[in-house]
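Down below is the structure, laid out as structure tokens.
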Amino acid sequence: MPELPEVEVSRQGLLPYLPGRRIAGAVVRAPRLRHAIPSGLAERLRGLYVDDIVRRGKYLLFDCESGRGGGWLILHLGMSGSLRLVPPGSPAQKHDHFDLVFADTAMRLRDPRRFGVLLWHEGRDVERHPLLAVLGIEPLTDAFDGDWLFAAMRRRNAPIKPLLMDSHLLVGVGNIYAAESLFSAGISPLRAANRISRERYGRLAPAIRATLEASIAAGGTSVRDYVHSDGGAGCFQLSCAVYDRAGDPCTVCGTPIRAIRQAGRSTFYCPRCQR
DNA sequence: CGTTACCCCTGGAGGC
DNA sequence: TGCCTCCAGGGGTAAC
């Protein structure tokens with residue numbers, strides 16, 4: 001469910017409430033998500049303050065006094081994770097695996113498929129954590145442009161679409177936004193990455209950025225006690241042009257949208273608009 | 001090395 | 001109402 005926009009919207013939804021607050025405790029109900037949840041995590045967190053929440057790719061990083069003897073809470077929502085703010089002590093439902101508890105609210109993690117990640121990094125330098133150190137460029141930074149994409153892809157013979165989803169190259173683009181960005185740029189998801197011109201990458205990079213930013217903007221209104229994530233700003237609040245629209249007419253030319261499978265993931269595209 | 005297949009896990013949808 | 005199969009927004013690992 002969460003790609004970069006959903007994670008960013010979650011971050012923005014939490015920012016008004018968590019930073020500056022003291023962690024009263026934590027509740028760990030699942031022994032492991034993708035990794036084992038560190039033993040003693042609740043005890044380690046208690047008494048620390050959340051100073052800030054930052055995003056790296058699809059990870060949410062909670063700065064818990066990292067510069068003053070604390071550390072970082074590393075959170076990834078996986079395929080089915082979502083966060084919401086609940087009254088402390090409110091009854092947990094199935095798949096509610098973790099609460100970060102404050103005096104008057106609690107951040108609750110739900111993740112039915114448990115592909116998410118919940119880890120602790122002691123001290124500062126969280127970017128050196130093995131899961132974060134291998135991540136590629138942030139597509140919403142100035143450094144990410146057509147020239148960067150062209151250089152990164154020039155030796156790649158694989159189809160462009162699965163490469164756009166490779167977090168070692170660039171972060172945050174998942175199955176929905178890869179498809180939508182390629183449609184927006186008029187590039188076929190099947191085209192070999194090293195057979196796309198610099199000029200076309202010059203259109204693709206801004207298309208990726210615009211697609212992500214539009215989705216963030218569409219999901220950006222935060223509700224008081226609810227942090228959007230399980231709505232999926234991708235296709236819930238913002239309609240998709242191609243994703244999950246197999247057989248429907250292309251919004252531009254009317255040609256039926258085609259569904260194929262690439263590297264184990266579904267891909268949707270317009271065979272006429274995208275070359 | 002680059003690329004793909006498979007796996008982790010649960011739940012919902014649709015066929016029978 | 002039940003069972004079966006397939007599918008799902010992520011990503012690591014192993015194998016070609």
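Naming convention: chains lettered A, B, ... in sequence-line order (proteins, then strands); numbering from 1 in each chain. Just so it is clear, the values below take in all heavy atoms, side chains as well, and ignore hydrogens, waters and symmetry mates.
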Quiz item: Between A:His76 and C:dG11, is there a side-chain N or O to OP1/OP2 distance below 4.0 Å?
Solution: yes
Quiz prompt | Spacing between A:Met165 atom CE and C:dG11 atom C1', to the nearest angstrom | solution = 9 Å
Quiz item: In whole angstrom, what separates A:Leu77's CG from C:dG10's C1'?
Solution: 11 Å
Quiz item: What nucleic acid atoms does A:Asn157 come within less than 4.0 Å of, heavy atoms only: base, sugar-phosphate, or nothing?
Solution: sugar-phosphate
Quiz item: What does A:Arg261 touch in the nucleic acid at a heavy-atom separation under 4.0 angstrom: a base, only the sugar-phosphate, or nothing?
Solution: sugar-phosphate
Quiz item: Is it true that A:Arg29 and A:Asp99 have a side-chain N and a carboxylate O under 4.0 angstrom from each other?
Solution: yes
Quiz item: Going by modelled atom types, is there a donor-acceptor pair between the base of B:dC9 and the side chain of A:Arg113 at under 3.5 Å?
Solution: yes
Practice problem: May I have the distance from A:Ile176 (atom CD1) to C:dG11 (atom C1'), rounded to whole angstrom? | Solution: 16 Å
Quiz prompt | Nearest-angstrom distance, P atom, B:dA5 to C:dC7 | solution = 14 Å
Quiz item: Between A:Trp148 and A:Phe144, how do the two ring planes meet: parallel, tilted or perpendicular, split at 30° and 60°?
Solution: tilted
Quiz prompt | Separation of atom CG in A:Leu119 from atom P in C:dG12, rounded to whole Å | solution = 12 Å
Practice problem: State whether the distance check finds a donor on one side and an acceptor on the other, under 3.5 Å, for side chain A:Arg265 versus base C:dA8. | Solution: no
Practice problem: Could you pull out the closest heavy-atom pair between A:Gly186 and A:Arg200, with the gap in Å? | Solution: O-NH2, 2.9 Å
Exercise. Check every strand shown and say whether A:His168 touches a base, only sugar-phosphate, or nothing at a heavy-atom separation below 4.0 Å.
Key: sugar-phosphate
